[in-house]
Structures are given as structure tokens and as C-alpha cells.
Amino acid sequence: MADTKREIERKYESDDSGLPDLTGVAGVDAVVDKGVAHLDATYYDTADERLAAASITLRRRTGGADAGWHLKFPVAPGVRDEIRAPLSDTLPSVLAALIRSRVRDAQLLPVVRLRSDRDVSDLVDATGRVLAEVSVDAVHAERLTGAGGTAQWTELEVELADDGDPAFLDKVDKRLRKAGVRPSGSASKLARALTETSPKKKRRNGKPTPPPPVTAGDHVLAYVREQRDTIVALDPAVRQDTYDALHRMRVATRRMRSAFRSYAKVLDRTVTDPVGEELKWLASELGVGRDSEVLAERLSTALEGLPTTLVNGPVRTRLGRWADARRGGSRRRLTGVLDSSRYLALLDTLDALVDEPPFLKDAGGKPEKVIAKAVRKDFGRLSELVERAVALDPGTERDLALHESRKKAKRARYSAEAAVGALGDRASALVKSMKSVQTLLGDHQDSVMARQSLRELSALAHAAGESSFTYGVLYGREEQRAAATELALPVAWRKITEATDI
């Protein structure tokens with residue numbers, strides 16, 4: 001078992017080793033001494049410090065009230081999510097899974113040992129409620145790899161109580177600064193220990209920030225790198241079933257694949273096509289259960305919107321069972337995919353592609369020329385599809401044409417996203433336009449899929465001797481939504497073409 005805790009804290013240092021008087025902080029009624037805790041923590045990482053490069057910390061700590069394994073992910077400056085697991089001799093599998101996208105096949109090693117004498121106090125209000133915990137830590141750091149090395153320092157840490165108001169930390173900060181305390185130059189004890197106990201080393205994904213894009217290749221590579229980073233960073237959130245993480249990871253795979261196709265004159269497709277196929281596989285696996293879930297939500301929402309007089313039979317029950325059957329096993333399957341050698345090999349391939357991009361001649365060209373040409377090409381293809389679709393009569397052929405238009409709208413949107421750094425407002429305006437048409441066409445396709453599912457549900461209900469009336473009502477409403485979309489599309493598309501300037 002593992003528990004997750006949102007940690008909101010600020011770290012400070014000063015030339016004095018004590019705690020300044022904080023009773024003057026607004027809202028603080030008393031500072032309650034909680035005594036001194038002796039903490040002993042060993043931090044683990046790969047030999048090339050991949051976790052540290054991503055500001056992720058993994059430690060096994062004894063002493064204090066929360067002894068055990070702790071894995072921390074950055075959320076925002078001063079905010080981290082800490083996943084805790086009980087103390088054991090080996091790394092719990094639940095934590096190992098959450099760092100697999102970073103560690104992959106590398107070995108985890110003890111890299112730093114931190115022993116701290118922590119003098120803890122609680123800041124409480126007049127009711128005795130804890131507002132924050134303040135600690136003064138006397139830290140001794142020991143490097144456990146290479147030639148080793150040691151360091152010592154004292155730091156002050158203020159951690160907001162659970163469900164506390166982050167604005168309270170601003171009040172404490174103001175009082176500490178008046179007392180001569182200054183913010184720490186390190187985001188964590190581990191970061192400071194790594195800096196002070198050993199010479200700087202080359203770390204995986206820890207290279208200096210790439211220079212600003214100059215050539216067309218620079219811009220495209222920056223976009224591809226962003227998607228690679230997104231896939232790797234979202235892996236733990238997908239495993240934890242964090243809201244929208246799976247969808248965002250799937251979109252990142254699509255964005256990268258789209259960039260390979262749109263910018264075929266920049267990146268060699270003999271290299272990127274096989275990678276694109278693997279990304280397609282990953283996107284497909286990420287979509288197992290997801291599409292059904294979205295569809296079930298659409299049908300459930302539509303059902304809730306019906307008057308009770310139009311709901312005949314156990315429609316809600318049947319819809320729920322239908323959704324559960326389509327969703328069943330998808331989480332287990334997804335975990336298996338993320339643990340697979342195929343997925344980990346894909347991540348290694350993406351790293352290699354970003355580190356040594358397969359640039360073609362046009363990669364060295366001027367962005368405003370090379371990138372604009374690619375974006376115009378994607379937009380032109382989309383225009384042909386949309387105009388063909390709206391010229392067709394309503395029916396299956398038009399539905400298929402609009403679906404193809406939707407896919408091309410995504411591609412045009414993603415190529416425009418990659419072009420924003422080079423083309424500025426023109427590309428940003430196109431991104432916005434493509435998003436709007438993608439939404440319009442997406443609603444139409446969702447209606448097509450919903451009607452297929454309603455026919456299936458109606459047949460199941462009829463076979464079970466239930467009324468199929470309500471499914472027919474929902475089907476009719478979906479037909480109306482699709483028809484409204486088809487009427488709105490020509491007008492929306494005309495406005496987009498008139499406003500587009502690429």
C-alpha cells in the first residue's frame with residue numbers, strides 16, 4: 001500500500017541556527033515545541049542521476065513519525081506530491097512502477113545519505129489548530145558514490161498543514177525575511193547534497209537548456225522534445241489514474257506522430273516512420289477503455305437530460321452494465337503496457353531521436369519559409385476534405401468524410417502548434433481555429449458512435465423483453481445534434497478560411 005500527500009513547503013537558510021520568533025505572524029497564537037527527531041535517510045538514483053535531473057527524489061528514511069519509503073514528484077515551485085510506502089529492506093514495487101519511465105532498465109543505487117537532527121515546532125491558532133510545521137534541520141550529507149564527499153548545513157523548513165491556506169506561508173515568509181532569514185538556494189536537501197558533495201557530473205536529461213530555436217529544425221525538434229518529455233512525465237500519473245493524465249499522454253503521442261508527417265522535409269521519415277508506428281501502437285493501447293468511457297459519459301448525460309416520462313424500462317442499469325463490460329480489464333491491461341519491454345524500448349528510441357535528430361537539408365532553412373510551407377500544406381489538405389464533405393448528401397459517406405476531416409484538423413492544429421515559435425500570432429490564430437473546427441467535427445463523430453451504440457443497446461433491450469423506446473428517443477436527439485453540426489460547419493469553415501493568414 002502507498003499513500004499520497006500534497007506537500008507545500010518553503011525552505012530557508014540563515015547565519016543563525018535557531019528559529020526566529022514567529023508569534024507575531026498574523027493568525028499564530030502559539031509556537032508549540034514538538035521536540036527533536038533524529039532522521040536517517042538514504043537517497044536512491046541511477047548512476048547518471050536521472051531522477052535528480054527530473055527533480056524527483058526517492059529515499060528510505062528511518063526516524064521521525066513517517067519512517068518508510070518516500071517518492072516525491074515536483075508539482076510547482078515549493079509544491080510536491082509525496083507517495084509513501086511502509087519501511088522495508090527493498091524498494092516497494094508500487095514505487096518502482098512510478099519511476100519506471102525514468103529508470104527503465106538501469107540499476108538504482110544509494111547515492112546520498114542524509115542524517116538530520118530536526119527541531120520541530122507547530123504554528124497553531126487560537127483554537128489549537130495547526131497552521132504549519134516549522135523545523136530547524138542540522139543536516140550532515142554523505143556522498144555514497146564515486147570518491148564520496150561530505151557537507152553540513154542548517155536549514156529552516158516551513159510546511160503548510162493539510163488543507164491549509166497557501167497564503168499563510170506568505171505571512172510566515174514576511175516575518176522570516178524581517179528576521180534576516182533568506183530563501184534557500186536549493187529546491188531540496190538532496191539537490192544541495194548532490195551539489196556540495198561531489199563535482200558536477202553529466203546527467204541523463206540533465207543537459208543545459210537547449211538554446212533558443214534558430215533554424216526550422218530547431219523549432220521542430222523543440223516540439224518533438226516537448227512531447228517526449230510529456231510522455232515520460234505523465235507515466236506516473238497515468239499509472240495512478242490521475243484525472244486527464246491518460247488523455248494528455250495519448251495526445252502527446254499523436255502530436256509527435258503528426259509532427260513527423262507534417263515536417264517530413266525536416267526530419268527523415270525513413271527514421272521517423274518506424275517510431276511513428278510504435279507511437280501509434282502506444283496511442284491505441286492508451287485508448288483501450290478511454291473511448292468507451294467518453295461514449296458512456298455522453299450517453300449517461302443525455303439520459304439524465306430526458307424527462308422521466310421518456311425513460312421506459314431499466315435503461316440506466318443496462319447502460320451501466322454495458323459501460324462496465326466495455327471498460328473491464330482496461331486498467332490492468334494499461335499497466336501491463338507501461339511495464340512492457342516494447343514501451344520502455346520506445347522511450348529509449350525517443351531519447352535517441354531527440355539527442356541525434358535525423359535532420360534533412362530543409363532543417364537548416366529559415367523557419368518562416370520551411371515551417372510556413374508545411375503548415376500551408378496541411379491546411380490545404382484539410383480544406384479539400386472539408387469542402388468535399390459538405391458537398392456530400394447526409395449519410396454514411398458524409399460521416400466518413402467528416403471523420404477524415406477531423407483527423408486532418410488535428411494534424412493541421414499540431415503543425416501550427418509547432419510553428420508558433422517561428423510564425424508567432426499567425427500560427428497561434430490557426431491553432432485556435434483548428435481547435436474550434438476539431439471540436440465541431442469531434443462532436444459530430446461522437447454522435448455517429450453514440451448512434452451505433454444506441455442501436456446495439458436497443459437490440460439488447462429488445463432481446464431481453466425490455467422497451468426500446470428510450471433508446472430511440474436518444475437516437476433521434478443524436479441525429480438532431482449531428483444535423484446541427486453539419487449545418488454549422490460550412491459557415492464556420494468559411495470564416496476560418498477568410499481569417500487564415502499563413
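Just so it is clear, the values below take in all heavy atoms, side chains as well, and ignore hydrogens, waters and symmetry mates.
Residue-environment remark: CZ (R321) stays at or below the threshold of 12 foreign heavy atoms within 6.0 Å. For E356, the CD atom counts as loosely surrounded, since its 6.0 Å shell holds 12 or fewer non-hydrogen atoms of other residues, nucleotides or ligands. Counting non-hydrogen atoms of neighbouring residues, nucleotides and ligands closer than 6.0 angstrom, the NZ atom of K72 exceeds 12 such neighbours. With a 6.0 Å radius and a threshold of 12 heavy atoms from other residues, nucleotides or ligands, D425 has its CG atom at or below the threshold.
With sequence neighbours left out, P307 forms a side-chain contact (heavy atoms from CB on, under 4.5 Å) with T309, L310, R477. Under the rule for a side-chain hydrogen bond (donor to acceptor under 3.5 Å, both in side chains), D393 has no partner lying at least two apart in sequence or in another chain.
Applying side chain to side chain donor-acceptor pair (under 3.5 Å) to H444 and the options E486, R406, H403 leaves one that passes, E486. With F73 as the partner, the side chain to side chain contact (heavy atoms under 4.5 Å, CB included) test is satisfied by one option alone out of T57, I83, V79: I83. The residue from R451, Q480, R455 that alone fulfils the side chain to side chain donor-acceptor pair (under 3.5 Å) condition with Y475 is R455. When each of R6, K11, K5 is paired with E159, the salt bridge (Lys or Arg N to Asp or Glu O under 4.0 Å) condition holds for K5 and for no other.
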Between D45 and R102, does a salt bridge (charged side-chain N to carboxylate O under 4.0 Å, His left out) hold up when you go through it step by step?
-> CA-CA 10 Å; D45 206 337; R102 303 281 183 183; over 6 Å; no
Step by step, would you call L441 with Q445 a side chain to side chain contact (heavy atoms under 4.5 Å, CB included)?
-> CA-CA 6 Å; L441 293 170; Q445 177 62 16; over 6 Å; no
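Closest approach of S340 and W281 over heavy atoms only: OG-CH2, 4.0 Å. Closest heavy-atom contact between R60 and S88: NE-O, 2.8 Å. Of all non-hydrogen atoms in R239 and L338, the two that sit nearest each other are NH2-O, 2.8 Å. Taking all atoms of both residues into account, the shortest heavy-atom contact from V311 to T470 is CA-OG1, 3.3 Å. Closest approach of L430 and I502 over heavy atoms only: CD2-CG1, 3.8 Å. Looking at every heavy atom in both residues, I8 comes nearest to P166 through CD1-CG, 4.5 Å.
Interatomic distance, CG of D362 versus CG of L360, reported as 7.5 Å (0.5 Å rounding). A distance of 5.0 Å separates CZ of R10 from CG of L169, quoted to the nearest 0.5 Å. With values rounded to the nearest 0.5 angstrom, L460 atom CG is found 10.5 Å from S453 atom OG. Interatomic distance, T485 OG1 to L402 CG, rounded to the nearest 0.5 Å: 9.0 Å.
Aromatic ring orientation, Y44 versus W69: tilted (interplanar angle from 30° to 60°).
One finds a salt bridge joining E397 and R388 here, because a Lys/Arg side-chain nitrogen approaches an Asp/Glu carboxylate oxygen to under 4.0 Å.
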Distance-only donor-acceptor pairs under 3.5 Å for side chains of residues 366-376, two or more places apart:
none

